[in-house]
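Data block below; observations after.
Note that the coordinates shown come from a computational prediction; the quantities given were computed from them, not determined experimentally.
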Amino acid sequence: MQPAYQLIYDKLFEHYGPQSWWPAETPFEMMIGSILVQNTNWRNVDKALIKLGPYFEPEIIDHFPIEDLAQLIRSSGFYNIKAKRIKAFMEWFRQYDYDTKRIKAINNTELRKALINIHGIGKETADVMLVYAFEKPIFVVDAYARRIFYRLGYNMPTSYDGFRKLVEKELPEELTLYNEFHALLVEHAKQFCRSKPICKECPLLDICDQRLELK
DNA sequence: ATCCTGGTTC
DNA sequence: GAACCAGGAT
């Protein structure tokens, strides 16, 4: 029998097509974006990224005054903490001469630990970086994945890693699959599975518990 | 004009 | 369990 998670993926992929994430020019931009997008939507992050544009070099960001950095990223919300988080990340990134290739050589589990160890980077942000900057196959657990799986009727673990491992257990270790899966879940949460869901014409309706509650 | 959404730290 | 914030929805 076909694993349920694979089925969800297939249906989402069929409906939305390939997402080809992350929307960033470089791994560095991707990683900064992942810190900025904590607790906000991409709109707000994009504005911040545009303001950062003229200074978007690791060396410059690393040595930028933190107050000025905070002002530039204001639109992303929580700008004071996020400025600190970016600084903490830069300190770590500097140790590798801002060279993503060098970091990529670190094995999966060690790198995940190292990222989580950076102040301001938790499991979700670490995993997003692992998938989209370092090309490691990992399932990203976020508020959208939790909401969608919950509504579908799955009894998922509350813990981050419990949730993640349960999904990973049934899926092949393919980067593209995990890259697309997270992107597809985000897209689906925005288009149909919002806080106030639009169930009519939902591509997952036939496998969703919610359909039973529709009039 | 108030309410809601969204990760991590302390 | 509170604190950190802007921007969109209601």
ask   = A/Leu36 and side-chain contact (heavy atoms from CB on, under 4.5 Å): which partner among A/Asp46, A/Asn44, A/Ile73?
value = A/Ile73
remark   = note: A/Met129, atom CE; B/dT8, atom P; distance rounded to Å ~ 10 Å
inquiry  = Whether A/Arg43 contacts C/dG8 is assessed here as follows: a side-chain N or O lying under 4.0 Å from the phosphate OP1 or OP2. Is that the case?
reply    = yes
task = Measure the acute angle between the ring planes of A/Phe93 and A/Phe89, then classify it against the limits of 30° and 60° as parallel, tilted or perpendicular.
result = parallel
query = OP1 or OP2 of C/dC5 sitting under 4.0 Å from any side-chain N/O of A/Arg74?
reply = no
inquiry  = So A/Tyr160, base contact, sugar-phosphate only, or nothing? Heavy-atom distance under 4.0 Å.
reply    = nothing
task = Check the distance between B/dG7's C1' and A/Phe163's CZ and give it to me in whole angstrom.
result = 16 Å
task = Describe, in one word, how the ring planes of A/Tyr5 and A/Phe149 are oriented to each other, choosing from parallel (under 30°), tilted (30 to 60°) and perpendicular (over 60°).
result = parallel
query = Below 4.5 Å, heavy atoms only, C-beta onward: do A/Lys87 and A/Phe64 meet side chain to side chain?
reply = yes
inquiry  = Measure CG/A/Asn41 against P/C/dG8 and give the value in whole Å, please.
reply    = 7 Å
inquiry  = In whole Å, I'd like the distance from the CG atom of A/Leu36 to the P atom of C/dC4.
reply    = 19 Å
query = Which whole-number value in Å describes the distance from A/Ile35 CD1 to C/dC5 P?
reply = 16 Å
Minimum-distance nucleotide (side-chain atoms of A/Asn44 versus B/dG6, B/dG7, C/dG7) = C/dG7
Enumerate donor-acceptor pairs with a distance under 3.5 Å from any side-chain N or O in residues 12-23 of chain A to protein atoms, sequence neighbours excluded.
unit_1, atom_1, unit_2, atom_2, d
A/Tyr16, OH, A/His188, ND1, 2.7
A/Gln19, NE2, A/Tyr16, O, 3.3
A/Gln19, NE2, A/Gly17, O, 2.8

remark   = A/Ile81 atom CD1 is separated from B/dC10 atom C1', nearest whole Å, by 11 Å
ask   = Counting any heavy atom closer than 4.0 Å, what does A/Ile73 reach on the DNA or RNA strands: base, sugar-phosphate only, or nothing?
value = nothing
request  = Tell me what A/Ser76 touches on the nucleic acid: a base, only sugar-phosphate, or nothing, going by heavy atoms under 4.0 Å.
outcome  = nothing
request  = Would you classify A/Lys123 as touching base, sugar-phosphate or nothing, given that sugar-phosphate means primed atoms plus P, OP1 and OP2, and contacts are heavy atoms under 4.0 Å?
outcome  = sugar-phosphate
task = Under 4.0 Å between any heavy atoms, over every strand shown, what does A/Lys47 touch: base, sugar-phosphate, or nothing? Just pick one.
result = sugar-phosphate
request  = For A/Tyr79, report the nucleic acid contact type (base, sugar-phosphate, nothing); a contact means any heavy atom under 4.0 Å.
outcome  = sugar-phosphate
inquiry  = So, does A/Arg147 get its side chain near the phosphate of B/dG6, meaning an N or O under 4.0 Å from OP1 or OP2?
reply    = yes
query = Is it true that A/Arg151 and A/Asp209 make a salt bridge, defined as a side-chain N closer than 4.0 Å to a carboxylate O?
reply = no
task = Map A/Arg85 and A/Lys196 onto DNA chain C by nearest heavy atom, then report which one ends up closer to the 5' terminus.
result = A/Arg85
task = Report yes if a side-chain nitrogen or oxygen of A/Lys84 is closer than 4.0 Å to either non-bridging phosphate oxygen (OP1 or OP2) of B/dC10; otherwise report no.
result = no
request  = Could you check A/Ile116 against A/Gly77 and say which one's nearest nucleotide on DNA chain B is further toward the 5' end?
outcome  = A/Gly77
inquiry  = What's A/Asn80 touching, base or sugar-phosphate or nothing? Going by heavy atoms closer than 4.0 Å.
reply    = sugar-phosphate
message = Please report the distance, rounded to the nearest Å, between CD in A/Gln38 and C1' in C/dA6.
response = 15 Å
note = Side-chain atoms of A/Glu124 come closest, of C/dG7, B/dT9, B/dG7, to B/dG7
message = Can you measure A/Lys51 atom NZ to C/dA6 atom C1' for me and round it to whole angstrom units?
response = 12 Å
message = Mind checking if A/Arg146 touches a base, just sugar-phosphate, or nothing, with heavy atoms under 4.0 Å?
response = nothing
